[in-house]
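Each remark here refers to the structure printed beneath this line.
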Amino acid sequence: MSKIKVSVGVITYNQQDTIRQTLDSILAQKGDFDLEIVIGEDCSTDSTRAICEEYTIHHTPYTIRLLPTTRNLGIMANFARVMQACTGDYVAICAGDDYWCDECKLQTQLEYFKEHPEVGVVSTSGYKLLVKSNTLVPHAIAPLKPIADGNVKSFYFSPDYKGGVYVMPLSLLIKRDLLQYVDFDEFVRRGFPVEDYPMQAILAQHCKWGHIDDLCVVYRVYKESATFISFDHPKYMQYYQGLAAIRRYLNELFPADACFTEEQIQEQLFYKEFLLYLHRVEYKKAKHLISDAATIAYMHKVQQAKRFTRTWLHFIAAHFIKEHKYKKDLKERT
């Protein structure tokens with residue numbers, strides 16, 4: 001009987017300082033399975049490519065495949081080709097600036113699958129590494145509150161959904177046959193800004209999820225991390241418009257479970273743009289935005305913005321209150 005095969009998809013770009021630790025942590029895995037590592041190196045301008053090539057040569061007991069590219073594809077297209085190239089019975093993910101800290105991570109997850117055959121995805125707990133202060137924070141990555149019955153669909157398809165992902169991808173192990181439900185090429189065509197949110201939401205429709213509370217992975221957090229799009233990020237609105245596009249796509253796929261109307265999506269986009277003008281203290285632009293939003297049916301955020309812009313003094317007061325919360329939030333994250 002042949003061994004179970006586990007594929008680990010690695011996406012990396014300009015990560016020469018961390019990619020060795022990523023690959024070494026995967027190669028250190030122990031257990032009764034065959035290991036395949038599929039690396040999507042996205043035309044780096046530093047020595048990341050050379051390091052990855054070195055690993056394909058000097059670790060011949062393992063299957064390490066470096067996918068070719070002659071141009072930078074971007075995160076989404078790179079992720080799509082890596083996931084499509086994985087051939088294992090199970091698929092794990094680890095970005096080139098993260099790493100695993102438990103050499104039994106994969107084996108422990110495989111044993112969980114054996115004990116719970118109804119489960120299609122298993123996550124673990126892990127550390128958040130605050131790069132600026134070089135601080136490891138345990139039990140600091142999603143899921144912070146695992147769903148006991150494994151019905152992750154309730155996380156993504158509920159009016160209470162606040163954004164974000166249920167699980168950080170680097171902790172996942174997924175039954176590969178479930179990936180047939182995920183159209184990664186469509187993610188690329190639609191220009192989605194993130195890959196984890198739509199993938200997890202779709203998988204949540206097709207299986208139950210399990211969780212292991214062991215600290216198995218380390219997720220690096222930088223002040224400039226794309227995950228935490230700040231007001232000063234040049235793609236701030238583009239990012240949130242992309243999230244709105246994902247929500248519309250999920251509504252198309254699962255109309256019976258659609259939990260946000262188009263009006264609610266438009267309202268959220270309105271408020272993100274309003275907060276940007278509030279951050280920049282652009283009073284006239286904020287007032288003009290409110291005037292243009294008069295047709296939005298779901299008006300709670302619009303009414304709130306009107307209160308903030310009743311006068312210039314109201315606007316300034318709201319600016320300082322929001323800035324305090326914003327800076328506190330950034331400090332806690334990084």
Side-chain angles (χ1 to χ4, degrees), residues 76 142-145 147 151-167 181-183 186-206 209 226-231 233 235-280 282-283 285-310 314-315 318-319 321-323 325-326 329 333:
M76 185 59 68
L144 299 177
K145 295 180 180 179
I147 296 172
N151 179 23
V152 175
K153 176 180 170 180
S154 64
F155 176 88
Y156 286 109
F157 297 90
S158 163
D160 297 325
Y161 177 69
K162 302 298 183 184
V165 289
Y166 174 69
V167 172
Y181 300 111
V182 184
D183 189 345
E186 186 67 9
F187 291 7
V188 177
R189 282 192 290 270
R190 294 191 181 222
F192 290 166
V194 295
E195 73 289 344
D196 45 10
Y197 164 31
M199 180 186 75
Q200 291 188 30
I202 293 168
L203 291 175
Q205 286 275 352
H206 296 283
W209 295 39
T227 310
F228 306 126
I229 296 293
S230 72
F231 291 124
H233 197 289
K235 294 185 178 180
Y236 170 84
M237 279 308 299
Q238 183 179 332
Y239 175 76
Y240 287 105
Q241 287 163 355
L243 294 185
I246 293 172
R247 196 75 242 178
R248 293 182 181 114
Y249 176 61
L250 294 175
N251 285 353
E252 291 174 24
L253 290 180
F254 311 107
D257 293 312
C259 51
F260 292 97
T261 65
E262 178 59 28
E263 288 80 8
Q264 289 171 308
I265 293 171
Q266 287 290 339
E267 187 212 23
Q268 288 298 319
L269 286 174
F270 157 82
Y271 198 60
K272 291 299 180 183
E273 188 172 356
F274 174 79
L275 290 177
L276 179 62
Y277 295 144
L278 188 65
H279 171 73
R280 294 175 177 173
E282 295 180 330
Y283 183 61
K285 287 185 178 181
K287 293 285 284 186
H288 184 70
L289 178 69
I290 292 169
S291 177
D292 287 347
T295 58
I296 296 178
Y298 192 74
M299 298 291 288
H300 174 71
K301 292 294 185 183
V302 178
Q303 294 303 320
Q304 187 178 62
K306 283 183 177 180
R307 290 195 298 272
F308 288 163
T309 55
R310 191 173 303 160
H314 283 89
F315 191 69
H319 164 79
I321 291 170
K322 291 292 185 180
E323 283 297 291
K325 184 179 182 301
Y326 168 63
D329 187 46
R333 288 179 171 183

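- Looking at F231 and R280, their side chains never come closer than 4.5 Å, going by heavy atoms from C-beta outward.
- When every heavy atom of V302 is checked against every heavy atom of A293, the shortest pair comes out as CG2-CB, 4.3 Å.
- In terms of heavy atoms, R247 sits closest to F157 at NH2-CD2, 3.7 Å.
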Set out, in order, the CA-CA distance, both residues' side-chain angles and the distance that settles side chain to side chain contact (heavy atoms under 4.5 Å, CB included) for V194 and Y239, then state yes or no.
CA-CA 9 Å; V194 295; Y239 175 76; 3.8 Å; yes

Test side chain to side chain contact (heavy atoms under 4.5 Å, CB included) on Q200 and F155; report intermediate values, then the result.
CA-CA 10 Å; Q200 291 188 30; F155 176 88; over 6 Å; no

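- Closest of all the heavy-atom pairs between F187 and E195 is CE2-O, 4.0 Å.
- A donor-acceptor pair under 3.5 Å links the side-chain atoms of Y166 to the main chain of I147, judged by distance alone.
- In this structure, I265 CD1 and Q241 CD are separated by 12.5 Å, a value rounded to the nearest 0.5 Å.
- V165 and Y156 make their closest contact through CA-OH, 3.4 Å (heavy atoms, listed as atom of the first residue, atom of the second, distance).
- For F315, the ring pair (Phe, Tyr, Trp, His ring centres under 6.0 Å) partners two or more places apart in sequence, or in a different chain, are Y283.
- Residues in residues 251-260 take part in these salt bridge (Lys or Arg N to Asp or Glu O under 4.0 Å) pairs, two or more places apart or across chains: K153-D257, R190-E252.
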When you look at W209 and L203, which way does the side chain to side chain contact (heavy atoms under 4.5 Å, CB included) test go after all the steps?
CA-CA 9 Å; W209 295 39; L203 291 175; 4.0 Å; yes

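- Across all their heavy atoms, Y181 and I202 have their closest contact at O-CG2, 3.5 Å.
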Give the C-alpha distance, both sets of side-chain angles, the deciding distance and a yes or no for side chain to side chain contact (heavy atoms under 4.5 Å, CB included) between R189 and D183.
CA-CA 10 Å; R189 282 192 290 270; D183 189 345; 3.7 Å; yes

Does the side-chain hydrogen bond (donor to acceptor under 3.5 Å, both in side chains) test come out yes or no for Q304 and Y271, once each step is laid out?
CA-CA 9 Å; Q304 187 178 62; Y271 198 60; 2.6 Å; yes

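- Under the 30°/60° scheme for interplanar angles, the aromatic rings of Y236 and Y240 are found to stand perpendicular.
- Here the options are Q264, Q268, E262, the test is side-chain hydrogen bond (donor to acceptor under 3.5 Å, both in side chains), and the partner is Q266; only E262 passes.
- Under a 3.5 Å cut-off, the side chain of N251 and the backbone N or O of T261 do not form any donor-acceptor pair.
- Distance check: L289 CG to E282 CD gives 11.5 Å after rounding to the nearest 0.5 Å.
- The line from NZ of K301 to CZ of F308 is 8.5 Å long, rounded to the nearest 0.5 Å.
- Aromatic ring centroids of H279 and Y326 lie under 6.0 Å apart.
- Judged by distance alone, with hydrogens and angles left aside, the side-chain atoms of E273 form no donor-acceptor pair with the main-chain N or O of M237 at under 3.5 Å.
- The heavy-atom pair separating C259 from P159 by the smallest distance is CB-N, 3.9 Å.
- Looking at H319, its side chain does come within 3.5 Å of a backbone N or O of L278 through a donor-acceptor pair.
- A ring-centre distance under 6.0 Å is found for Y161 and Y197.
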